[in-house]
Engineer: 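Below is one structure. I have some questions about it.
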Amino acid sequence: MIKWWKITGALLILYTLVWGMLGPVPRLDILNETIRNVYYHVPIWFAMLFQMGISLWFAVKYLLDPTAKNDILSNQAAQVGLFFSIPGILTGCLWAKFTWGTWWTFQDPKLNGVAIAMLIYFAYFILRSSIPDEQKRARISAVYNIFAFVMMFVFIMILPRLTDSLHPGNGGNPAFGKYDLNNNMRMVFYPAVIGWILISVWILDIKKRLAILNYEAEHE
Amino acid sequence: MQSPIQQLIKKEFLLEFRQKSTLAGIAVYIVSTVFVSALCFKKIIHPVVWNALFWVIFLFIAVNVSAKSFMQEGKGRGLYNYIYYSPRQFILSKMAYNMVLMLVLSLLTFFFYSWFVGSMVQDMGLFLVCLLLSSTAFSAVLSLMSAIASKANNNISLMAILSFPVLMPLLLVSVRVSKNAMDGLAWSVSSNFLLILIMLNVVVVVLANILFTYLWKE
């Protein structure tokens, strides 16, 4: 049975894909039509952060209550989060090429932050794969998950003090929210955020069920 | 009567000095690394390059020093410690020992680096404070990472994979403060970053205290 929120998520994404391309946007220098990227790029990052938050939540939960389900959810949410970072980076690169003139730059704290976040989660999966014992793997990777998330959070907080950001809304650049995220854009942006988060939860739900089935099959 | 933490720290020092080869090994590692970079770079004119090279060397020495801190803990000794000490005492003593060791070694690195490559630091006081705070924070992070890596079959490359991304915030702040010290900027410019370094120290020590309990159980 498909639940209502799954349909809502799919419809919201469909709506933002179509209306994001067709709807009216403010005419701004340099940004031009690339401003539409705010409908795709930003919500995808929100979905990634949301999944990594879920991963952290179940890591904490696992340490307090060590059940296989908590570990599976923590692991799968980290996978979904890492998966969402790929379209997040691709849409960002495309946008950067047309506005900043480069695919990637080390001058921007958000770009560095996401690179570090991806490295942390790659390390998390490598750590998981190098411990054969199930319970030990779950416990140790939960510890790393929590520690790495806190350090990543600190990193994101302090980085803007270290380098000026090129991103809109930072380092003296005009924010989208200030005057160009007008009501027309809000009508697409907020549904996009909700839609992408719902879709990410749907993906997580499927992956979780598959992982639990695999787990049960192994422990017959 | 010594407190358990004092006993554990004393044990670490005793073990280290009984087995002088490891300590001497690290000293030689430092000298040869600095020497190699001195030979490769010949002369460093640009302060940014000086700074970056110093911190890269610092990072690798820190990882090498701390990597072994949990590797020597065998199964039997682990069981013994488990009976007599609490996990909090254990990780605190490890971190304290690693902090002292790393502090000494970072000073040694700085000494050789200034000797071979040349010193460009204008505000020595600020640089040393920065070195102190980053040594403690680095060794606190790496103690916990070493504990994690030791549970995963003592893989040395795993240690680097796990710790590099986590160390990045620390490293960037340290690089910034030491650059300020090199340029001889006023302390008020760096005070914010020094506060961040102190805060990172506190955060890491507190987190390691909470999390190590779960790592320790076999």
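Keep in mind that the numbers below use all heavy atoms, side chains included, and drop hydrogens, waters and symmetry copies. Every chain is numbered from 1, with letters handed out A, B, ... down the list of sequences.
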Engineer: Measuring heavy-atom distances to chain A, does B:L200 have an atom under 4.5 Å in its side chain, in its backbone, in both, or in neither?
Structural biologist: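 For B:L200, side-chain heavy atoms alone lie under 4.5 Å from chain A.
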Engineer: So which part of A:I116 gets closer than 4.5 Å to some heavy atom of chain B, the side chain, the backbone, both or neither?
Structural biologist: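 Both backbone and side chain of A:I116 come within 4.5 Å of chain B.
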Engineer: Is B:V203 in contact with chain A via its backbone, its side chain, both, or neither, using a 4.5 Å heavy-atom distance?
Structural biologist: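 For B:V203, the contact with chain A is made by the side chain alone.
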Engineer: Check whether A:V143 gets within reach of chain B through its side chain, its backbone, both or neither, counting any heavy atom under 4.5 Å.
Structural biologist: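 It is both, since atoms from each part get that close.
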Engineer: Going through the distances and angles, do B:I57 and B:F54 end up as a side-chain contact (heavy atoms from CB on, under 4.5 Å)?
Structural biologist: CA-CA 5 Å; B:I57 293 175; B:F54 177 78; 5.8 Å; no
Engineer: Flag the pair B:Y113 / B:W50 as yes when their ring centroid distance falls below 6.0 Å, and as no otherwise.
Structural biologist: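 Centroid separation for B:Y113 and B:W50: below 6.0 Å.
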Engineer: At their closest point, which heavy atom of B:I26 faces which heavy atom of B:V65, and how far apart are they?
Structural biologist: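 The pair with the smallest heavy-atom distance is CG2-CG2, 3.8 Å.
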Engineer: Starting from the C-alpha separation in whole Å, work towards a yes-or-no answer on side-chain contact (heavy atoms from CB on, under 4.5 Å) for A:Q79 and A:F125.
Structural biologist: CA-CA 9 Å; A:Q79 286 180 18; A:F125 294 124; 3.5 Å; yes
Engineer: For chain B, find which of A:L119, A:L127, A:I126 contributes the most heavy-atom pairs closer than 4.5 angstrom.
Structural biologist: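 With the most close heavy-atom pairs to chain B, the winner is A:L127.
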Engineer: Can you confirm whether A:I140 sits close enough to B:Y214 that some side-chain heavy atom of one is under 4.5 Å from a side-chain heavy atom of the other?
Structural biologist: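 Of all side-chain heavy-atom pairs linking B:Y214 with A:I140, none is under 4.5 Å.
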Engineer: Non-hydrogen atoms of chain A under 4.5 Å away: do they reach the side chain of B:L211, the backbone, both or neither?
Structural biologist: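 Both parts, backbone and side chain.
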Engineer: Using a cut-off of under 4.5 Å on heavy-atom pairs, state which of B:T213, B:L144, B:V166 scores highest against chain A.
Structural biologist: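 Ranked by heavy-atom pairs under 4.5 Å with chain A, first place is B:V166.
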Engineer: Are the side chain of B:Q6 and the backbone of B:S3 linked by a donor-acceptor contact shorter than 3.5 Å?
Structural biologist: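 Checked: pair present.
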